[in-house]
Amino acid sequence: MKPKFLLLIAFLSVISCKRELKNSPENSVAISGLVHFKDQKDGVEIKSGKFTYHFKSDQIPFKKVILLNASMAGYISELGAEDLVVGVSSPEYIYSDKIQSLVKSGTIQNVGNDQKYDVEKIISLKPDAIFTNYIASFDNTYQLLKNNGIQVVFLDEYREQKPLEKAAYIRLFGKLFGKEKEASATYQEIEKNYNDLKKLALQGKEKPVVLANEMYGDVWYMPGGKTSVAHFISDANARYILKDNADEKAVTMSFEEVFAKSGGVRYWINAGNHVSKKEMLNINPFYAKLDVFNNGKIYGISGKERQKSNDFFESGIIRADLVLKDYIKIFHPELLPGYELTYMKELQ
């Protein structure tokens with residue numbers, strides 16, 4: 001699976017209400033329907049999707065970890081735990097200045113990419129754990145690592161469709177890195193900011209109609225009505241053109257199908273990382289037929305981009321409050337006077 005396609009998956013999954021994070025008497029913490037963890041007498045148990053992990057008290061907090069997905073670097077950076085990272089794959093896709101500095105100095109090693117991981121190097125680094133999304137085609141590689149005593153932890157945060165649940169993964173990283181207090185405080189701040197912003201958005205004078213994403217080839221990958229993108233639009237007090245759709249994944253549509261639904265659209269968001277409307281037309285001349293292209297406003301996700309890396313897919317994964325703030329500024333600029341967009345950028 002190519003890095004660009006992984007970013008597309010993350011983007012389509014990225015991102016109104018959240019499930020409340022509950023601490024039960026047994027110290028169980030529910031991050032989402034996919035992930036929860038709880039303390040045990042001799043350590044901690046984590047359930048992530050179909051996988052269950054048991055880490056003994058002498059195994060955590062982790063001292064050395066490897067990241068095989070750029071999105072997970074956002075949680076690490078937010079906790080200030082970059083020094084615990086000894087290896088990353090595809091470092092060119094990581095935005096963090098500190099991680100890039102550590103890669104440049106050799107403190108963090110490049111362990112390959114999602115086409116081919118350098119298994120020998122990974123084993124030689126002797127990490128306490130590797131964090132990655134689960135990819136079935138790499139089962140043999142995962143098993144080889146496990147056979148060499150390396151724990152592979154699968155966290156499919158890109159599958160989370162509620163922004164605050166995606167952000168809440170920081171609590172799991174805090175648990176594993178011995179930074180529970182910092183993680184809890186960070187999450188509580190993000191949660192408060194997000195909910196305060198939702199209330200602010202309700203003061204908007206109108207509820208504009210919104211289009212999202214763009215075409216790849218002859219297919220428009222439109223976020224489903226229950227995806228994170230749809231949640232963000234709703235929480236920013238705007239109306240998504242597929243708001244009545246019940247999918248938690250991308251919906252494939254032709255240009256003609258999107259065109260038929262695009263009447264009244266005033267804002268087009270997450271229109272890739274293009275630098276201009278002219279560039280978009282060069283890729284797909286059909287865009288010129290859309291009224292929003294000619295008379296509305298179009299925003300890409302290139303506000304914090306550096307070569308192949310984009311912080312929207314990194315810090316934007318956890319800072320749901322800042323992503324929501326961007327959307328509110330776009331749809332209701334009068335509510336946030338003086339605020340400059342963080343991750344989004346208007347195309348001219």
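Sequential numbering from 1 along the given sequence is applied to the chain's residues. Model, not experiment: these values are computed from the prediction. Heavy-atom basis, side chains included; hydrogens, waters and symmetry copies ignored.
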Next on the checklist: Can you tell me how far apart NE2 (H274) and CD1 (I298) are? Round to the nearest 0.5 Å.
Outcome noted: 9.5 Å
Next on the checklist: Using 0.5 Å steps for rounding, measure from the OG atom of S137 to the CG atom of N140.
Outcome noted: 9.5 Å
Checklist entry - Does the pair D83/K63 count as a salt bridge with the N-to-O cut at 4.0 Å? => result no
Checklist entry - Do K56 and D58 meet the salt-bridge criterion of a basic N to acidic O distance under 4.0 Å? => result no
Next on the checklist: Any non-hydrogen side-chain atom of E78 less than 4.5 Å from a side-chain atom of R319?
Outcome noted: yes
Checklist entry - Is there a donor-acceptor contact under 3.5 Å from the side chain of D156 to the main chain of Y158? => result no
Checklist outcome for this item: OH (Y194) and CG (L324) are apart, to the nearest 0.5 Å, by 4.5 Å
Checklist outcome for this item: For E257, the salt bridge (charged side-chain N to carboxylate O under 4.0 Å, His left out) test, sequence neighbours excluded, returns none
Next on the checklist: Quick one, D114 and L68 - any side-chain contact, counting heavy atoms below 4.5 Å?
Outcome noted: no
Checklist entry - When rounded to the nearest 0.5 angstrom, what is the spacing between OH in Y327 and CG in L322? => result 12.5 Å
Checklist outcome for this item: With sequence neighbours left out, the residues meeting ring pair (Phe, Tyr, Trp, His ring centres under 6.0 Å) with Y75 are F173
Next on the checklist: So that I can tick it off, tell me whether K192 and D196 are bridged by a salt bridge, with the cut-off set at under 4.0 angstrom between side-chain N and carboxylate O.
Outcome noted: yes
Show the atom names and distances, to 0.1 Å, of all donor-acceptor pairs under 3.5 Å that link a side chain in residues 178-186 to residues at least two apart or in another chain.
from : atom 1 : to   : atom 2 : distance (Å)
E180 : OE1    : K175 : NZ     : 3.4
S184 : OG     : Q188 : NE2    : 3.1
T186 : OG1    : E182 : O      : 2.9

Item to check | Distance in Å, I31 CD1 paired with L172 CG, rounded so as to fall on 0.5 Å steps | outcome: 6.0 Å
Next on the checklist: With a 3.5 Å distance limit and no angle check, can you tell me whether D326 reaches the backbone of M344 through a side-chain donor-acceptor pair?
Outcome noted: yes
Item to check | Partner residues of F255 under the ring pair (Phe, Tyr, Trp, His ring centres under 6.0 Å) criterion, sequence neighbours left out | outcome: F286
Checklist entry - Which heavy atom in A70 sits nearest to a heavy atom in Y93, and how many Å separate them? => result CB-O, 3.5 Å
Next on the checklist: When you measure from the side chain of N148 to the backbone of L144, do you find a donor-acceptor pair of N or O atoms at a distance under 3.5 Å?
Outcome noted: yes
Next on the checklist: Tell me which pairs pass salt bridge (charged side-chain N to carboxylate O under 4.0 Å, His left out) where either residue lies in residues 277-294, with sequence neighbours left out.
Outcome noted: none
Checklist entry - Does the side-chain contact (heavy atoms from CB on, under 4.5 Å) test come out yes or no for K47 and V35, once each step is laid out? => result CA-CA 6 Å; K47 289 191 176 182; V35 176; over 6 Å; no
Checklist entry - What are the two closest heavy atoms between I317 and S71, and how far apart are they? => result CG1-CB, 4.2 Å
Checklist outcome for this item: Residue set satisfying side-chain contact (heavy atoms from CB on, under 4.5 Å) with Q100, at least two apart, ordered chain then number -> I94
Checklist entry - Can you check ring-ring contact (aromatic ring centres under 6.0 Å, His included) on Y240 and W268, steps first, answer last? => result CA-CA 10 Å; Y240 179 40; W268 180 356; over 10 Å; no
Next on the checklist: Testing the 3.5 Å rule here: is there a donor-acceptor pair between the side chains of N284 and E214?
Outcome noted: no
Checklist entry - Taking W220 for the side chain and A212 for the main chain, is one N or O donor matched with an acceptor at less than 3.5 Å? => result yes
Checklist entry - With no hydrogens and no angle check, is any side-chain donor or acceptor of Y142 less than 3.5 Å from a backbone partner on I135? => result yes
Next on the checklist: Between V85 and I122, is there shared hydrophobic-cluster membership here, with clusters defined by ILVMFWY side-chain heavy atoms closer than 4.5 Å?
Outcome noted: yes
Checklist entry - Going by atom types only, do T52 and E45 share a side-chain donor-acceptor pair under 3.5 Å? => result no
Item to check | Side-chain heavy atoms of K304 within contact of T342, under 4.5 Å | outcome: yes
Item to check | Non-hydrogen atoms of I330 and P333 that approach each other most closely | outcome: O-CD, 3.7 Å
Checklist entry - Does any N or O in the side chain of N270 come within less than 3.5 Å of the main-chain N or O of G300, such that one atom is a donor and the other an acceptor? => result no
Checklist outcome for this item: Taken in chain and number order and not counting sequence neighbours, the residues that satisfy ring pair (Phe, Tyr, Trp, His ring centres under 6.0 Å) with F55 are F62
Item to check | Residues T132 and N69: side-chain donor-acceptor under 3.5 angstrom | outcome: yes
Next on the checklist: Show every ring pair (Phe, Tyr, Trp, His ring centres under 6.0 Å) that has at least one partner inside residues 329-348, sequence neighbours left out.
Outcome noted: Y267-F331
Item to check | NZ (K146) with more than 12 external heavy atoms under 6.0 Å | outcome: yes
Checklist entry - Applying the 4.5 Å side-chain criterion to the ILVMFWY set and letting contacts propagate, would L347 and L281 be lumped into a single cluster? => result yes
Item to check | Straight-line distance of E157 CD to L34 CG, nearest 0.5 Å | outcome: 10.5 Å
Checklist entry - CG of D42: more than 12 outside heavy atoms within 6.0 angstrom? => result yes
Item to check | Distance-only donor-acceptor check, side chains E160 and S32, under 3.5 Å | outcome: yes
Checklist entry - Aromatic rings F293 and Y287: how do their planes relate, parallel, tilted or perpendicular, breaks at 30° and 60°? => result parallel
Checklist entry - Which pair of heavy atoms, one from I233 and one from V210, lies closest together, and at what distance? => result CD1-CG1, 3.9 Å
Checklist entry - For S57, which residues count as a side-chain contact (heavy atoms from CB on, under 4.5 Å) partner, sequence neighbours excluded? => result none
Checklist entry - Does A201 offer a backbone N or O that forms a donor-acceptor pair with the side chain of N237 under 3.5 Å? => result yes
Next on the checklist: Between N147 and Q143, is the side-chain hydrogen bond (donor to acceptor under 3.5 Å, both in side chains) condition met? List the steps.
Outcome noted: CA-CA 6 Å; N147 291 343; Q143 190 58 52; 2.9 Å; yes
Checklist outcome for this item: All heavy atoms of R266 vs all of E206, minimum pair found to be NH1-OE2, 2.8 Å
Checklist entry - Cluster question for you: counting only ILVMFWY and a side-chain heavy-atom cut-off of under 4.5 Å, with indirect links fine, are Y216 and V275 together? => result no
Checklist entry - Does Y95 share a hydrophobic cluster with I301, counting links as ILVMFWY side-chain heavy atoms below 4.5 Å and allowing steps through other members? => result no
Next on the checklist: Please check: side-chain N/O of D311 versus main-chain N/O of S315, any donor-acceptor pairing under 3.5 Å?
Outcome noted: yes
Item to check | Residue pair Q203 / I328, side-chain heavy-atom distance below 4.5 Å | outcome: no
Checklist entry - Does L145 reach the side chain of V119, with side-chain heavy atoms less than 4.5 Å apart? => result yes
Item to check | Expected output: side-chain Q161 to main-chain R159 donor-acceptor under 3.5 Å | outcome: yes
Item to check | ring pair (Phe, Tyr, Trp, His ring centres under 6.0 Å) involving F51 - partner list, sequence neighbours excluded | outcome: Y134, F154
Checklist entry - Does S234 reach the main-chain N or O of H231 with its side chain, forming a donor-acceptor pair under 3.5 Å? => result no
Checklist entry - Which atom pair, heavy atoms only, marks the closest approach of P223 to T227? => result CB-OG1, 3.3 Å
Next on the checklist: Strictly by salt bridge (charged side-chain N to carboxylate O under 4.0 Å, His left out), give each pair with a member in residues 327-346 just once, sequence neighbours left out.
Outcome noted: K297-E346
Next on the checklist: Taking salt bridge (charged side-chain N to carboxylate O under 4.0 Å, His left out) as the cut-off, I'd like each qualifying pair that reaches into residues 116-143, sequence neighbours left out, listed once.
Outcome noted: none
